Novice: 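Handing you a structure now.
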There are 2 protein chains.
Amino acid sequence: MADADAPYHHGNLREALLARAETVLTASGADSLSLRALARDLGVSHAAPGRHFRDRQALLDALAVGGFTRLNERLRAAVGGPGPVTARLARMGRAYIGFAVAHAPLLSLMFTAKHADHSSAELRELGHQSLEIAAELIALAQQEGVVRAGDPARLAQVAFSVVHGLAALAVGSLLEDTPLDEATDLALDVLLTGLAAARPDIS
Amino acid sequence: MADADAPYHHGNLREALLARAETVLTASGADSLSLRALARDLGVSHAAPGRHFRDRQALLDALAVGGFTRLNERLRAAVGGPGPVTARLARMGRAYIGFAVAHAPLLSLMFTAKHADHSSAELRELGHQSLEIAAELIALAQQEGVVRAGDPARLAQVAFSVVHGLAALAVGSLLEDTPLDEATDLALDVLLTGLAAARPDIS
DNA sequence: ACCTGAACACCGTTCAAGT
DNA sequence: ACCTGAACACCGTTCAAGT
């Protein structure tokens, strides 16, 4: 992994640390992510990471920011395609679940807002963007009459809850022998049906 | 915190460790849970915890088992009350969300199944019980005609996804200024509407 | 500007030894 | 049976010093 001639003293140590960190994160989870091991892997002194990240949490936050950025790109690509709004909503849900199960440790980093102080403002902003992407599509669906009236932002929270929760069940091995695809189809069916119209009777 | 006369050498060290660990977990999260600090707090040698928990993860797993046990008690109490099935379903959802946001670090311990080997079989079984509680109530609701046909276990997965996901959004500060109560009401409305009947048109 | 080496104060885990 | 003390191999973080 280490290479004595690698140009880490030339300014790209930060990116190299992030890349290696993401590999370790995906393979072994956040708990086994050590700055000293990262430095060792990159052939650099154990104090070098401290020049680019204030502390371990700052490195984790940077990974989470990258995760949200990529997630939002994928969500935008999913909603941007052709087809009726309901199909685009379903596609967005599937994109979210696909990303979440493929990058489970990254997602848990993205959603556990540690020490609300410094960089977590950026994280909350990026998370808010995810919800906004859904809210915009829901607003469009309302115009077309396929989604009930109501604040699109709040309806987006519900839609997000379904897909985020289902991904969590899948990652936690709580889906038993149900194939994720089938669970996803059912969840999206229930969600879109529930979004279509307000219930006639109140519980 | 330490007491030289405390009877920890009398057999209750395991329980004392778990109790203290849960306090620290709730206050500061799993990351700042150290066996050595626990031992210090209880006035015992740093190697003593090793007599009761094979390693740190075993202590975390034991906390998660306790969490699921209490969660399932609360879910059973919520579904057991009076009223129409839809009201009981809504009560169960609210009970889940209440527990989840009140014990966020514990919940993340419960759902992140580390090393699937030893004690996580018990964890998966307890998680499965949570879903079964919901599935039974959904089966009853089907008999009463207020929930669509389909495998109750799979419909329970969807119901769980909604409440688990909403709790995650709340804990992650992604609900912005939406009061959790209102988000919960809307989520349960969408869920129960979507569960009520299959959609006429397919997306 | 960027990195190193030593230092400090922590960790988890193991294991002989005590009672 | 249960706990201790020392030991080992790790950590994150800081800081003077090097280039």
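Letters A, B, ... mirror the listed sequences (proteins, then strands); counts begin at 1. Every value quoted in this text rests on a predicted model; they were computed, and no experiment measured them.
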Novice: Identify, between A:Gly50 and A:Ala37, the residue whose nearest nucleotide on DNA chain D lies closer to the 5' end.
Specialist: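 First, find each residue's nearest nucleotide; the 5'-ward one identifies A:Ala37.
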
Novice: Are any non-hydrogen side-chain atoms of A:His52 and A:Leu18 less than 4.5 angstrom apart?
Specialist: no

Novice: Over all strands shown, is A:Arg56 touching base, sugar-phosphate only, or nothing at heavy-atom distances under 4.0 angstrom?
Specialist: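 Sugar-phosphate contact only.
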
Novice: Does A:Arg54 get its side chain close enough to the base of D:dT13, under 3.5 Å, for a donor-acceptor pair?
Specialist: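 When only heavy-atom distances are counted, A:Arg54 does not reach the base of D:dT13 through any donor-acceptor pair under 3.5 Å.
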
Novice: Hey, are the side chains of A:Glu122 and A:Asp61 touching, using non-hydrogen atoms and a 4.5 Å cut-off?
Specialist: no

Novice: Which base, if any, makes a Watson-Crick or G-U wobble pair with C:dG18, both distances under 3.5 Å?
Specialist: D:dC2

Novice: Without decimals, in angstroms, what is the distance between B:Arg36 CZ and D:dC8 P?
Specialist: 14 Å

Novice: Between A:Arg51 and B:Ala48, which has a closest nucleotide on DNA chain D that is more 5'?
Specialist: B:Ala48

Novice: Find the distance A:Asp31:CG to C:dC11:C1' and express it as a whole number of Å.
Specialist: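 These atoms are roughly 13 Å apart.
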
Novice: Starting the side chain at C-beta, find the nucleotide from D:dA7, C:dC10, D:dG12 nearest to B:Arg40.
Specialist: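 Nearest to the side-chain atoms of B:Arg40, counting from C-beta on, is C:dC10.
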
Novice: Go through C:dC3, C:dT4, D:dC3 for me and flag the one nearest to the A:Ser45 side chain.
Specialist: C:dT4

Novice: Whole Å only: how far is the CG atom of B:Asp55 from the C1' atom of D:dA9?
Specialist: 16 Å

Novice: To the nearest 0.5 Å, what is the distance between CG (A:Leu131) and CG (A:Leu126)?
Specialist: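 With rounding to 0.5 Å, CG (A:Leu131) is 11.5 Å from CG (A:Leu126).
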
Novice: Counting only Watson-Crick or G-U wobble pairs whose two distances fall under 3.5 Å, which nucleotide matches C:dA7?
Specialist: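 Its partner is D:dT13.
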
Novice: So among B:Val163, B:Val162, B:Ile97, B:Thr193, which one has a side-chain contact (heavy atoms from CB on, under 4.5 Å) with B:Leu188?
Specialist: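 Answer to the side-chain contact (heavy atoms from CB on, under 4.5 Å) test with B:Leu188 among B:Val163, B:Val162, B:Ile97, B:Thr193: B:Val163.
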
Novice: Rounded to the Å, how far apart are B:Leu42 CG and D:dT4 P?
Specialist: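 Going from CG in B:Leu42 over to P in D:dT4 covers 11 Å.
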
Novice: Of the nucleotides D:dC11, D:dT14, D:dG5, which one has an atom closest to the side chain of B:Ala47?
Specialist: D:dG5

Novice: So B:Tyr96 and B:Phe111, would you call those rings parallel, tilted or perpendicular, with 30° and 60° as cut-offs?
Specialist: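 The arrangement is perpendicular - the two ring planes meet at more than 60°.
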
Novice: Under 4.0 Å: is that the gap between some side-chain N or O of A:His46 and OP1 or OP2 of C:dC3?
Specialist: no

Novice: What is the distance, to the nearest angstrom, from the CG atom on B:Leu38 to the P atom on D:dC3?
Specialist: 14 Å

Novice: Tell me whether the side-chain N/O atoms of A:Ser34 come closer than 4.0 Å to OP1 or OP2 in D:dG12.
Specialist: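 True: A:Ser34 side-chain N/O within range (under 4.0 Å) of D:dG12 OP1/OP2.
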
Novice: Which whole-number value in Å describes the distance from B:Gln57 CD to C:dG12 P?
Specialist: 12 Å

Novice: Looking at A:Arg14, does any N or O in its side chain come under 4.0 Å of the phosphate oxygens OP1/OP2 on C:dA1?
Specialist: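 No, no such contact exists.
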
Novice: Could you tell me the separation between the CG atom of B:Asn12 and the P atom of D:dC3, rounded to a whole number of Å?
Specialist: 9 Å

Novice: Atom CG of A:Leu35 and atom P of D:dT14: how far apart are they, to the nearest Å?
Specialist: 11 Å

